[in-house]
J.: 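Before I ask anything, here is the structure I am working with.
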Amino acid sequence: MKLHNTLTRNVENITPLRDNIARIYSCGPTVYDHAHIGNLSAYIFADTLRRSLQLAGYTTKHVMNYTDVDDKTIRRSHEQYPHDEPMQALRKLTDHYIQLFNNDMDRLGNDIAAVTFVRATDHIGSMKELTRRLYERGFAYLADDGVYFSIEAYQKSGKTYGQLLELTPQNTSEARIKNDEYDKDNIHDFALWKKQKSGEPAWDFELDGQDMTGRPGWHIECSAMSRDELDQPFDIHTGGVDLIFPHHENEIAQSTALTIPTMAQSFVHNEHILVDGKKMAKSAQNFYTLQDIIDKGFDPIAFRLLVLQAHYRSQAHFSWDNLEAAQNRLQKYRAFADLLWELPDTGKSSDPNLLNDAKNDIISALQNDIDTPHALARLSDTEGQWLRVLSSESKETFKPFLEFIDQALGLNLSHTKDITDTQYELIHRREQARRAKDWKQSDDLRNQLKEQGIGVRDDTPGGDVWYRL
RNA sequence: GGCGCGUUGGCCGAGUAGUUAGGCACAGCUCUGCAAAAGCUGCAACACCGGUGCGAUUCCGGUACGCGCCUCCA
């Protein structure tokens, strides 16, 4: 399995470090609002990555976190539930958005059952513990508003800060220096733990005899959770390119300061989805949610296809035209899947290479740095040969192929349902009408079927073939 | 200011040192009672300027434009 590793900036072969189990940690959502489709595309990628590892024959352990305590969740929970206790308000808010998030994930074809979801607030204990150990070993210091990680101490211990990107003094924007309003020694130092401000939810914490009651910093959450759930080092850490710095760099620093040489053997980052050539972001107000897409009559899986049509390391463009193109493509795939019901129940494939070659090509495309555009091209190619499928396959041979496509790409094609006996009857009557050259009757029947969302392909060997519109 | 990435036909989007994925859209033809489907054909691209090659869209250098990161961010 080849993957692009941000640590080395190269596509390299990856094999699991331990027990043939691929351990993946994906930075998940901050659950303070609806996820927008740019956020969601990162999880479509993570889902596809896990599927690809499974196809490569590895067992996977895939962990994704919910960031359910941070500045935004706290602010938002106070706005929405001003009369509740801070902790209770936080819980209400994050419970709500976790539920919405899971629903979006499911609608997008992401296999949520294959992922272990963890909440930051369920791991506060290990966050405190990690903070304490970093402090005791001299990698952290106390400030008025919290506990900070010391980049200087980290570097003096012989470690590199800047493993994922080059960091130089010139590389730091003036804006950052000007905005540096916190009480820290070095501009890159970051909070491991923040002391409670009034009205904020907080957890008891005593460090070096001082009351540090408060909450964890963002970066420590992922270091602690990934260690709790996967141990370190694990195999693959995923996230959007925006997380490379500082988030993942800081996670590495926290996780490697004490003992282990690396946090994860591979960091994989997906590029952003652009709207009108710009990054989709809440702050830029140029974002859409999955519900926006659904309200416009699009299928969530069409959006999945739009994401998969571009390589994860290139910026994809979102537009309604592109989404419509993806939806059309999905319709074709579904019509292809509907062929299942036209096939005989049993019988060996008389054209065994047709589906096997496609399957193997799709597997190799995915093993090659998750080359989903190539995999989809191959699927489209196979779809274009539906007549051959119709004449050579049976349910016994075609169903597993659809299941394979679903396993590999999450398109839910094998969920195709048969049409009703009444609808078959309509198709049958139309064929008879056509044979009798009763064109009015046959057109009537065709319209009836159309109203029920069924299209008919004439003149195929063995009788008319239906598909969903 | 620093670092990184990109620029492919009407649109999206792969790929390659010589034979050029795929999707969407469009035009014509065949087939068809009509339509759909299918088949055939057409359409049309590798930002610009140099360099190295017999040969570059593909490698190297530069220019222009765009994007991202350096701050919360998928």
J.: Just how far is it from atom SG of C27(A) to atom CE of M64(A), taken to the nearest 0.5 Å?
T.: 9.5 Å

J.: Please determine if D104(A) and R107(A) form a salt bridge, counting it only when a charged side-chain N lies under 4.0 Å from a carboxylate O.
T.: yes

J.: Using the C1' atom as the reference point in each nucleotide, state the distance between rC54(B) and rC65(B) in Å, no decimals.
T.: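 The same atom, C1', in both gives a distance of 34 Å.
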
J.: Does the plane of the ring in W320(A) sit parallel, tilted or perpendicular to the ring in F298(A)? Use 30° and 60° as the thresholds.
T.: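 W320(A) and F298(A): parallel rings.
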
J.: In whole Å, measure the gap between the C1' atoms of rG23(B) and rU8(B) for me.
T.: 15 Å

J.: If I pick the P atom on rA36(B) and the same atom on rG18(B), what distance separates them, to the nearest angstrom?
T.: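 40 Å, rounded to whole Å.
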
J.: Base, sugar-phosphate, or nothing: which does S380(A) touch, judged by heavy atoms less than 4.0 Å apart?
T.: sugar-phosphate

J.: Could you pull out the protein-nucleic contacts involving nucleotides 29-31 of chain B (nitrogen or oxygen on both sides, under 3.5 Å)?
T.:
none

J.: Roughly how many Å apart are rG50(B) and rC43(B), using the C1' atom of each and rounding to a whole number?
T.: 33 Å

J.: Do the charged groups of D338(A) and R334(A) touch, with an N to O distance under 4.0 Å?
T.: no

J.: In terms of relative ring orientation, are Y141(A) and Y148(A) parallel, tilted or perpendicular, with 30° and 60° separating the classes?
T.: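 Parallel, since the angle between the ring planes stays under 30°.
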
J.: Between the protein and nucleotides 11-15 of chain B, list every N/O to N/O distance that falls short of 3.5 Å.
T.:
residue	atom	partner	partner atom	Å
rG13(B)	OP1	H317(A)	N	3.3
rA14(B)	OP1	H311(A)	N	3.1
rA14(B)	OP1	S314(A)	OG	2.8

J.: Say you pick atom C1' in rC24(B) and the same atom in rU58(B); how far apart are they, in whole Å?
T.: 26 Å

J.: So, does N65(A) use its side chain to make a donor-acceptor pair with the main chain of G28(A) at under 3.5 Å?
T.: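 Yes.
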
J.: Mind checking the C1' distance from rA35(B) to rG9(B)? Whole angstroms is fine.
T.: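 That atom pair is separated by 31 Å.
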
J.: rG15(B) and rG6(B): how far apart are their C1' atoms, nearest whole angstrom?
T.: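 So the two C1' atoms sit 16 Å from each other.
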
J.: One character per nucleotide, please: for nucleotides 32-41 of chain B, 5' to 3', B when the base has a protein heavy atom closer than 4.0 Å, S when only the sugar-phosphate does, - otherwise.
T.: -BBBBSS---

J.: Around atom NE2 of H78(A), are there more than 12 heavy atoms of other residues, nucleotides or ligands at under 6.0 Å?
T.: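 Atom NE2 in H78(A) is not packed in, count stays at 12 or less.
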
J.: Using the salt bridge (Lys or Arg N to Asp or Glu O under 4.0 Å) rule, pick out the option among R429(A), R430(A), R446(A) that qualifies with D464(A).
T.: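 Answer to the salt bridge (Lys or Arg N to Asp or Glu O under 4.0 Å) test with D464(A) among R429(A), R430(A), R446(A): R430(A).
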
J.: When the P atoms of rA74(B) and rC11(B) are considered, how many whole Å apart are they?
T.: 32 Å

J.: Tell me what G38(A) touches on the nucleic acid: a base, only sugar-phosphate, or nothing, going by heavy atoms under 4.0 Å.
T.: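 Base, at least one base heavy atom under 4.0 Å.
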
